[in-house]
Structures are given as structure tokens and as C-alpha cells.
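This is a predicted model, so every value here is computed, not measured.
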Amino acid sequence: MPSKQALFNEIETLPKNIIDEVFQYVLFLKQKSATVSDITFASERSLAKDWQKPEEDEAWANL
């Protein structure tokens with residue numbers, strides 16, 4: 001995996017129009033990541049009532 005510095009060095013060699021595209025893509029990736037995390041945390045509370053049942057503990061005991 002490249003370092004942040006290697007990424008910065010590559011970005012510095014790009015023409016401005018490509019830098020704009022890269023920037024928009026980075027924003028997209030951040031939003032996509034935040035959305036997945038938000039959904040995960042939002043569903044956790046609603047599913048917790050089922051996860052805390054003794055039947056669930058039994059079902060997962062052998063794994």
C-alpha cells in the first residue's frame with residue numbers, strides 16, 4: 001500500500017482538471033464510507049433486542 005506521501009507526490013504531478021476529479025472521488029469515498037458506518041450503527045440498536053435473546057446465544061454457542 002502506498003504511503004500518503006507517495007499519493008501526495010503523484011497528485012502533485014497531475015494536471016488541474018485531473019486533480020479536480022481526484023478530489024471529487026475522494027469526497028465520494030468518504031461519503032460512501034460514512035454512509036455504511038451510519039447504517040451499521042443505526043441498525044445495531046434495532047437489532048440488539050433480538051441479539052440479546054437466550055436463543056441467539058444458543059444458536060451461536062458452537063461457532
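The line from CZ of Phe8 to CD of Glu12 is 9.5 Å long, rounded to the nearest 0.5 Å. To the nearest 0.5 Å, the span separating OH on Tyr25 from NZ on Lys30 amounts to 14.5 Å. To the nearest 0.5 Å, atoms CD (Gln52) and CD (Glu55) are separated by 12.0 Å.
No side-chain donor from either of Asn17 and Glu21 sits under 3.5 Å from a side-chain acceptor of the other.
In terms of heavy atoms, Leu14 sits closest to Ile19 at O-CD1, 3.4 Å.
Each of Leu7 and Phe23 belongs to its own hydrophobic cluster when Ile, Leu, Val, Met, Phe, Trp and Tyr are linked at side-chain heavy-atom distances under 4.5 angstrom.
Hydrophobic side-chain contacts under 4.5 Å tie Leu63 into a cluster, directly or through other members, with Trp60.
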